[in-house]
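Input: a single structure, listed below in structure tokens.
Keep in mind it's a predicted model, so treat the numbers as computed, not measured. Proteins get letters first, then strands, A, B, ... in listed order; numbering begins at 1 in each.
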Amino acid sequence: MFAKVIVDVPAKQTNRAFDYIVPPALKAWVEVGSRVTVPFGPRVVQGFVVELHEETDVKIERLKSIQSVPDLVPPLTVELVGLAHWMSRTYLCHEVTALQVMLPGALKAKYERGLQVGIEPQMGSLLELPERLAILDFVRCKGTLSMEALMDRFPHEGAAIKDMVLSGALVEVQMMKDRISMKKVLTVFPPKEVDSLVEAGEKLPAKARKQKEVLDYLSLHPDPIRLTELMELIQVGAGTVKALADRGLIELKEIEVMRDPYAGRTFARTMPLPLTDEQSTVYAEIRSAIVEGKPSVFLLQGVTGSGKTEVYLQSIQQCLELGKEAIVLVPEISLTPQMVERFKGRFGNEVAVLHSRLSQGERYDEWRKIMRKQVRVVIGARSAVFAPFQRLGLIIIDEEHESSYKQEDSPKYHAREIAVQRAENNGATVVLGSATPSLESIHRTSVLPDHGTTESPSYRLLTMKSRVEGRPLPEVFIVDMREELKNGNRSMFSKALHHAIEERLHKKEQIVMLLNRRGYATFVMCRTCGYVSSCPHCDISLTYHQSTRMLRCHYCGYAEREVKLCPSCGSEHIRHFGTGTQRVEEELGKLFPGIRVIRMDVDTTTEKGSHEKWLTMFGQKQADVLLGTQMVAKGLDFPDVTLVGVIAADTSLNIPDFRSAERTFQLLTQVAGRAGRHQKLGEVYVQTYTPEHYSVQCASRHDYNSFVTEELHSRIRLGYPPYQRLILVTFSHEQAPFLIRAAEAFAVRLKELIEDVQRKQSTEMLLSLDGFEEPQAADFSMEVLGPVASPISRIKDRYRFQCVVKYRGDGLAVELVGKAVAYFEQQNAKEKLQISIDVDPQYLM
DNA sequence: AGCACGCCGACT
DNA sequence: GTCGGCGTGCTC
């Protein structure tokens, strides 16, 4: 038997399957999806089995054997192996990178080299020397140890050690370790015949009273029990129990346990709530799709507070009743205990939770619950879309428009596309939920008046237009800040917002305040000469960090001390720009003495669990205002919030990105949705310098459809998604002139490839006119823009240039870019040119 | 990516 | 005459 193995060497030359012999002893263990260790060249690496065959084309004498299979059960399913292959083509990444991203970090191989004792001392070697014997003994005693450890012990014997390695007295071996750590807990095992315990207890010395107590307890409760628990229960020391184990009366063993991040927490079980008419209609559609078991994608557009979560919950219920499994994706930022509670409350310990704040070990254990089929529901952030279920029935993506569903490093996948693909593989249903669906998604529902979608599968649109229990959407007031300035109000709060805040404080209601700070980081500038502190290695200004009083580069980590005098002109007028949340907090304190503000931004939420802590405090009404950046806009639900203030809606509008209007609209709509979700009515004040902009206007009227119509027109006009799709190709190199030449050469090559295809297609068109065959990929179009300098033109001392490829049609464009890159890399093999490809990028930088 | 094999400069 | 520089090419 032979296996095709993708090895853990992410390089273009090793980006293919290698054939290995499956030794008879491992035959039962090696499956498609198995993780294996294989000899590869002079070393041993990890790999993944992607195919099994009875035959092989490779000459048998060239083949090596699989060395070991580290897992009891293959960590990947056949479906996921196929998906990884699809990903490598779709996102132009190495196949092994796609496979790795599906696994918890704990299963990533850690390579170490170590030393072992080699051949026995030979004649003429210098092994009789005492220090060499000592080294040999030390290594023999340790079995295998690292070079560092040996040098630590014998700091002056570097030469001797080297000599011993050369002579073969010591041999170098490659060690491959998992990063796994199983948590082990000492557990007490009483013997099978409990009666013997009582007897034994009587034979114990009279003074061993504590030991007798333990035996009495165990004879009544003969199940294995954790040592710590036993000690707690009957107030004995570890020594007492140990003594019993030494007498052989009980057994004390380490057993492996699962870490449970939610251990000790009970979740009140909730029952399905009655659905509103809208919810029922929507649920019925989803339900029948799940029952039918054919791949289908729904786009559920429901206004904030329309009760999408209850629809999710009941859909999952339906899915479970059919014996299938479900995945729920939520943006990382809204994966709060509140959210988890809702799912744990409904499905109890059928739920595994995966998010980045878990430790590696906790993550691994949650993941193993899936492998062992102990859970049938997974709730998690982006990467949970790869949960290794085998009877997947439903994938829900909440807030589907969120850009955090796109992974920013390789493989640069979008969880939405992965979900659709997995649904295709499993006959599963996908529900994309949002109050403000992305233009890409709404376009694929083909309900828009213009040209229908060309991409398959098309999505089915479901809408929920009203909030549960007929609660109204909050009223939104747009405040023109230019007028405020004219009227002499130079404060960051308009008169209207100021009033509204006062009123809430008076009524003891709560306020959410959003400072939309994207693309507007706090930088430092000299007011005299205009000098801006910027990174010496990257083309970007440094960001000021209050906590450390340092200026830091977000791209390379470079940091420097806060400056008091301008390094350029010596002036003292150095100011921090970019209204930070701190300044808003200060201002609030000045204007409303005694106001209690919780500030949530990067400075206050880096600590583990701090995010939850603040939200809990706010929920318990320990503060009047929740002030923060994007993170206060999402998914929060507090009954006493009746006012939402947006300090400056424009900041995200002014970012030079084709999605800035869409992002602004989404953010405003989301944050407005935080107000008046329960009995009390809500109000929203949006301060802006561009009140006429359609993203602000539409958001204020809760008018998604008008926004989409307007925005889509501009996208069509400019040839941006969803009308055309994009591929961003970024080149980087230390030398700018070389880089420019290279990027241009790439663009030329890609254009040639495109022309080839187009020429071929027009020939085919002619043929098909003669009635020979159907025209193929008639919708194909592709154009190369650039190269131009990237918006951030230098990072870590490397200059950056980029090409934007606009295209329509299926995977052909990606294939051509792949070909161009391959050709190009071959031409420039020895250069240190880096090329990065982002298919369907979220940001053009 | 590693790592070995292989062909040209400054040293015992 | 050798040690070692890193260019080129392969890994089942």
For this session: Drop me the distance from A:Arg794's CZ to A:Glu734's CD, to the nearest 0.5 angstrom.
Result: 11.0 Å

For this session: Rounded to the nearest angstrom, tell me the gap between atom CD1 in A:Ile6 and atom P in B:dA1.
Result: 17 Å

Exercise. How close or far is atom P of B:dA1 from atom CZ of A:Arg16, stated in whole angstroms?
Worked result: 16 Å

For this session: Taking heavy atoms of chain A and a 4.0 Å limit, find me the 5'-most and 3'-most nucleotide of DNA chain C within that range.
Result: C:dT8 to C:dC12

Exercise. When you check the gap from the basic side-chain N to the acidic O, do A:Arg659 and A:Glu440 get nearer than 4.0 Å?
Worked result: yes

For this session: Would you mind checking if A:Glu744 and A:Arg741 are paired as a salt bridge, meaning a charged N to carboxylate O distance below 4.0 Å?
Result: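 Looking at A:Glu744 together with A:Arg741, the answer is no, because their closest N to O distance does not fall below 4.0 Å.
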
Problem set entry | Partner residues of A:Asp756 under the side-chain contact (heavy atoms from CB on, under 4.5 Å) criterion, sequence neighbours left out |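 Partners of A:Asp756 under the side-chain contact (heavy atoms from CB on, under 4.5 Å) test: A:Arg759.
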
Problem set entry | Distance-only donor-acceptor check, side chains A:Lys412 and A:Ser836, under 3.5 Å |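 Present: a donor and an acceptor within the cut-off.
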
For this session: Show your reasoning for whether salt bridge (Lys or Arg N to Asp or Glu O under 4.0 Å) applies to A:Asp838 and A:Lys406.
Result: CA-CA 10 Å; A:Asp838 191 346; A:Lys406 169 85 182 186; 2.9 Å; yes

For this session: Going by the side chain to side chain contact (heavy atoms under 4.5 Å, CB included) test, name the single residue among A:Ile727, A:Val729, A:Val814 that passes it with A:Leu92.
Result: A:Val814

Problem set entry | A:Phe2 ring center within less than 6.0 Å of A:His53 ring center |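 No.
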
For this session: Could you identify which residues of residues 37-49 of chain A place a heavy atom less than 4.0 Å from some atom of DNA chain B, listed by residue number, or say none?
Result: A:Pro42, A:Arg43

Problem set entry | Residue-level proximity of residues 50-64 of chain A to DNA chain C when a heavy atom falls under 4.0 Å |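 Residues of residues 50-64 of chain A under 4.0 Å from DNA chain C: A:Val58, A:Arg62, A:Leu63, A:Lys64.
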
Exercise. Which pairs with one or both residues in residues 732-752 of chain A pass ring-ring contact (aromatic ring centres under 6.0 Å, His included), sequence neighbours excluded?
Worked result: A:Phe731-A:Phe746, A:His733-A:Phe738, A:Phe746-A:Phe824

For this session: With sequence neighbours excluded, give me every ring-ring contact (aromatic ring centres under 6.0 Å, His included) pair touching residues 13-51 of chain A.
Result: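 Residue pairs with at least one partner in residues 13-51 of chain A: A:Phe18-A:Phe40.
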
